[in-house]
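One structure is given below, encoded as structure tokens.
In what follows, chains carry the letters A, B, and so on, assigned in the order in which the sequence lines appear, proteins first and then strands, with residues in each chain numbered from 1.
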Amino acid sequence: MSRRLLERGFFARHALDVAPDLLGCVVRHDGPDGPVAVRLTEVEAYAGTADPGSHARMGPTARNAPMFGPPGHLYVYFTYGMHWCANLVCSPDGEASAVLLRAGEVVEGVELAHHRRPAARTSRDLARGPARLASALGLGREHDADDVCAGGPVVVLPGPEGSAGRVRTGPRVGVAGAGGDAGAFPWRYRLDGESTVSAYRPAKPRRRPSA
DNA sequence: CCGGTGATGGACT
DNA sequence: GTCCATCACCGGA
């Protein structure tokens, strides 16, 4: 009864076009301990080397290399000294863009997800936030650059229900400049009425500007 | 519910 | 040395 996967052409578009279509779709990782699947309720687009919030803004490096590769692959990165976050690479090969998986609802493997995230008190908190989502799915360094269109352990499936009419947009979360030029375009997409959507917080400067 | 803050390590200037 | 596409936990309302 395996549902058809999203094909590479789906991802070979601008991240701003892919992002809203990804809402309601399901990311599934069939790992060594069993499967966990998450229905996406919140994503963010990172588009091109000119995007000041993107890891690709300084050009290709060892870390962001998957972003410059073919679409339909994962870009998994490590941040804040302890968290992994997962993106889906978009755009044609050579053009750096990606969609960050920010939040979702665990629709399969709830027990395993709780085992991976003991701090989550409710199932709602299992994948509420990008690092939580990656952790619940069991995604880490070993999945960086994995192909999600090849029937491997990580796949993306069409959503069970249409999300038309429920897509909302807003500024990105935790990105410096999101309220300025980078916030001119709505790059954060979420499904209205979903309790798993993460709370919006503007990026907080670490060092105060001189008084 | 909310806001404030420490933890912690790799990438990059 | 500085900057993080963050989270968990704490205290207050």
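As a whole-Å value, the separation of A:R116 CZ from C:dC7 C1' is 18 Å. A straight line from CZ of A:R132 to C1' of C:dA5 spans 15 Å, rounded to a whole angstrom. If you take CZ of A:R124 and P of C:dC7, they are 14 Å apart, rounded to a whole angstrom. Spacing between atom CG of A:D125 and atom C1' of C:dT6 amounts to 14 Å, rounded to whole angstrom units. Residue A:W84 contributes atom CH2, which lies 9 Å from atom C1' of B:dG10 at whole-angstrom precision. The CG atom of A:L101 sits 12 Å away from the C1' atom of C:dA5 (whole-angstrom rounding). Rounded to whole angstrom, the span from the CD atom of A:E42 across to the P atom of C:dA5 amounts to 16 Å.
Considering only residues two or more places apart in sequence or on other chains, A:D147 meets the salt bridge (charged side-chain N to carboxylate O under 4.0 Å, His left out) condition with A:R8. Evaluation of the salt bridge (charged side-chain N to carboxylate O under 4.0 Å, His left out) rule for A:R168 yields A:D192 as partners, not counting sequence neighbours. Under the rule for a side chain to side chain contact (heavy atoms under 4.5 Å, CB included), the partners of A:A19 that lie at least two apart in sequence or sit in another chain are A:V43, A:A45, A:V99, A:Y189. A:L5 is linked by a side chain to side chain contact (heavy atoms under 4.5 Å, CB included) to A:V155, A:L157, counting only residues two or more places apart in sequence or in another chain. Under the rule for a salt bridge (charged side-chain N to carboxylate O under 4.0 Å, His left out), A:R190 has no partner lying at least two apart in sequence or in another chain. In this view, A:T79 and A:Y77, A:H83, A:C85 satisfy the side chain to side chain contact (heavy atoms under 4.5 Å, CB included) rule, not counting sequence neighbours.
Checked against C:dC7, C:dA5, C:dC9, the side chain of A:A119 finds its nearest nucleotide in C:dC9. With C:dC9, B:dA7, C:dA5 as the candidates, the nucleotide lying closest to the side chain of A:M82 is B:dA7. If you check C:dA5, C:dT6, C:dA8 against the side chain of A:N87, the one that comes closest is C:dA5.
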Atom pairs under 3.5 Å: protein N/O with N/O of nucleotides 11-13 of chain B:
residue : atom : partner : partner atom : Å
B:dC12  : OP1  : A:T61   : OG1          : 2.3

List, with names and distances, any nitrogen or oxygen atoms from the protein found under 3.5 Å away from nitrogen or oxygen atoms belonging to nucleotides 11-13 of chain C.
none

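Between A:R121 and C:dA8 there is no side-chain N or O to OP1 or OP2 distance below 4.0 Å.
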Strand DNA chain C in bracket notation, Watson-Crick/G-U under 3.5 Å with | for pairs to another chain:
||||.|||||||.
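Judged by ring centres under 5.5 Å apart and planes tilted less than 30 degrees, A:F78 fails to stack against the six-membered base ring of B:dG10. With centroids closer than 5.5 Å and planes inclined by less than 30 degrees as the test, A:Y80 and the base of C:dC4 pass as a stacked pair.
The residues A:E44 and A:R172 are annotated as not salt-bridged, no charged nitrogen and carboxylate oxygen being separated by less than 4.0 angstrom.
Between the side chain of A:D30 and the backbone N or O of A:P153 there is no donor-acceptor pair closer than 3.5 Å.
Residue A:M58 belongs to no hydrophobic cluster, having no ILVMFWY side-chain heavy atom closer than 4.5 Å to its own.
Residue pairs meeting the ring-ring contact (aromatic ring centres under 6.0 Å, His included) criterion with at least one partner in residues 85-137 of chain A, sequence neighbours excluded, are absent. Pairs passing the ring-ring contact (aromatic ring centres under 6.0 Å, His included) check and including a residue from residues 22-46 of chain A, sequence neighbours excluded, read A:H29-A:H143.
Considering A:T41, A:L191, A:L126 in turn, A:T41 is the only one that fulfils the side-chain contact (heavy atoms from CB on, under 4.5 Å) rule with A:T196.
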